[in-house]
Engineer: 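Can you read through this structure? Questions will come right after.
The structure displayed is predicted, hence computed values, not measured ones. Numbers restart at 1 for each chain; the letters A, B, ... are given by sequence-line order, proteins then strands.
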Amino acid sequence: ETGVTQTPRHLVMGMTNKKSLKCEQHLGHNAMYWYKQSAKKPLELMFVYSLEERVENNSVPSRFSPECPNSSHLFLHLHTLQPEDSALYLCASSQEGNMNTEAFFGQGTRLTVV
Amino acid sequence: AQTVTQSQPEMSVQEAETVTLSCTYDTSESNYYLFWYKQPPSRQMILVIRQEAYKQQNATENRFSVNFQKAAKSFSLKISDSQLGDTAMYFCAFWVIGSGYALNFGKGTSLLVTP
């Protein structure tokens, strides 16, 4: 347990559903990240929030919508997903958005889109 | 483009033996950090070791050490006295100072430690 908690651990959703992934950290970090991990591909950075403000959005389709209501919580809202969106979604946090410091990861949400 | 290549998709080693995982990267920058992350079956990514590019001395953390060759852009991880709990995916990554927030990850090497 590294202090970053993601829920749910597993999620199966239809292409017309709307669901949300939740990430919570109580490490006092002020930067939070969403990564997508697909089989046989490098981790892809999706979104970055620093001091609750979105600072990076790496050409992610609009069917993924992040929300950061405070420095401890991060959400990823999902709607009308495609089967190719099935992947492990990892949340991470770090201090001050500096990647030279250690980024702490959650255990991920395994998402299956059917 | 900044890329990371891990040329060994899968490796295995016997308990108590030593194994080396390879990693090469490509960047035109000179100031960056290199990392090895471990992802066990629990899926939680854990930082194993970190190296600052401006340091010539190779980083070590207990049984884990790196061989950092800056000119060759190589950053291999050596695991000594392998333990069953070392079974995991290992990801090499680097971050260029001032490049934003993205860690550049490789595709990973799956390491199996056998009794």
Side-chain angles (χ1 to χ4, degrees), chain A residues 1-10 23 25 27 29-51 53-60 66 87-111, chain B residues 1-10 23-27 29-55 59 61 64 68 75 88-110:
Chain A
E1 181 59 51
T2 63
V4 179
T5 304
Q6 289 186 243
T7 54
R9 293 290 307 276
H10 302 271
C23 177
Q25 61 90 8
L27 301 168
H29 292 165
N30 53 21
M32 296 186 76
Y33 313 78
W34 280 116
Y35 279 90
K36 177 182 179 182
Q37 185 177 17
S38 305
K40 313 236 185 264
K41 292 175 70 174
L43 268 74
E44 303 169 53
L45 179 65
M46 300 176 72
F47 300 104
V48 181
Y49 277 83
S50 179
L51 298 172
E53 182 178 330
R54 191 191 307 181
V55 295
E56 198 154 322
N57 173 0
N58 285 352
S59 303
V60 179
L88 181 67
Y89 289 85
L90 291 168
C91 173
S93 70
S94 70
Q95 185 58 28
E96 298 176 355
N98 287 326
M99 297 312 294
N100 60 312
T101 62
E102 182 174 354
F104 289 82
F105 286 81
Q107 291 181 292
T109 295
R110 174 71 65 190
L111 174 67
Chain B
Q2 306 191 105
T3 59
V4 180
T5 301
Q6 293 180 250
S7 59
Q8 306 147 315
E10 297 178 352
C23 172
T24 58
Y25 58 93
D26 186 26
T27 180
E29 304 292 333
S30 58
N31 295 320
Y32 49 88
Y33 288 80
L34 294 153
F35 308 85
W36 277 99
Y37 276 89
K38 167 186 177 181
Q39 187 178 38
S42 67
R43 307 186 321 209
Q44 197 149 40
M45 294 273 259
I46 302 164
L47 180 65
V48 174
I49 199 164
R50 174 176 55 218
Q51 172 84 41
E52 293 91 336
Y54 63 86
K55 288 188 177 178
E61 285 287 340
F64 298 88
F68 174 45
F75 184 60
M89 283 290 291
Y90 287 82
F91 293 92
C92 178
F94 78 98
W95 174 69
V96 175
I97 297 171
S99 68
Y101 299 86
L103 275 173
N104 299 281
F105 281 91
K107 293 183 181 181
T109 295
S110 177

Engineer: Report yes if the side chains of Y35(A) and L103(B) come closer than 4.5 Å at any heavy-atom pair, otherwise no.
Structural biologist: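 Contact flag for Y35(A)/L103(B) side chains = yes.
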
Engineer: Measuring only between side-chain heavy atoms, which start at C-beta, is L43(A) closer than 4.5 Å to M45(B)?
Structural biologist: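 Result yes, sub-4.5 Å side-chain heavy-atom pair found.
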
Engineer: Looking at side-chain heavy atoms only, is the closest gap between Q37(A) and F91(B) below 4.5 Å?
Structural biologist: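 Side-chain contact under 4.5 Å: yes.
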
Engineer: Please check this pair: side chain of R43(B) against backbone of R9(A), looking for a donor-acceptor N/O pair closer than 3.5 Å.
Structural biologist: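 Indeed, once roles are kept as given, a pair shorter than 3.5 Å links the two residues.
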
Engineer: Quick check: closest heavy atoms across F105(B) and P42(A), and the distance to 0.1 Å?
Structural biologist: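 Closest approach of F105(B) to P42(A): O-CB, 3.2 Å.
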
Engineer: Taking all non-hydrogen atoms of both residues into account, name the closest pair between Q107(A) and S42(B) and its distance.
Structural biologist: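 Closest heavy-atom pair between Q107(A) and S42(B): NE2-O, 3.5 Å.
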
Engineer: Measuring heavy-atom distances to chain A, does E52(B) have an atom under 4.5 Å in its side chain, in its backbone, in both, or in neither?
Structural biologist: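 Neither part.
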
Engineer: Measure distances from T109(A) to the heavy atoms of chain B and classify the residue's part below 4.5 Å as side chain, backbone, both or neither.
Structural biologist: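 When you check distances to chain B, only backbone atoms of T109(A) fall under 4.5 Å.
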
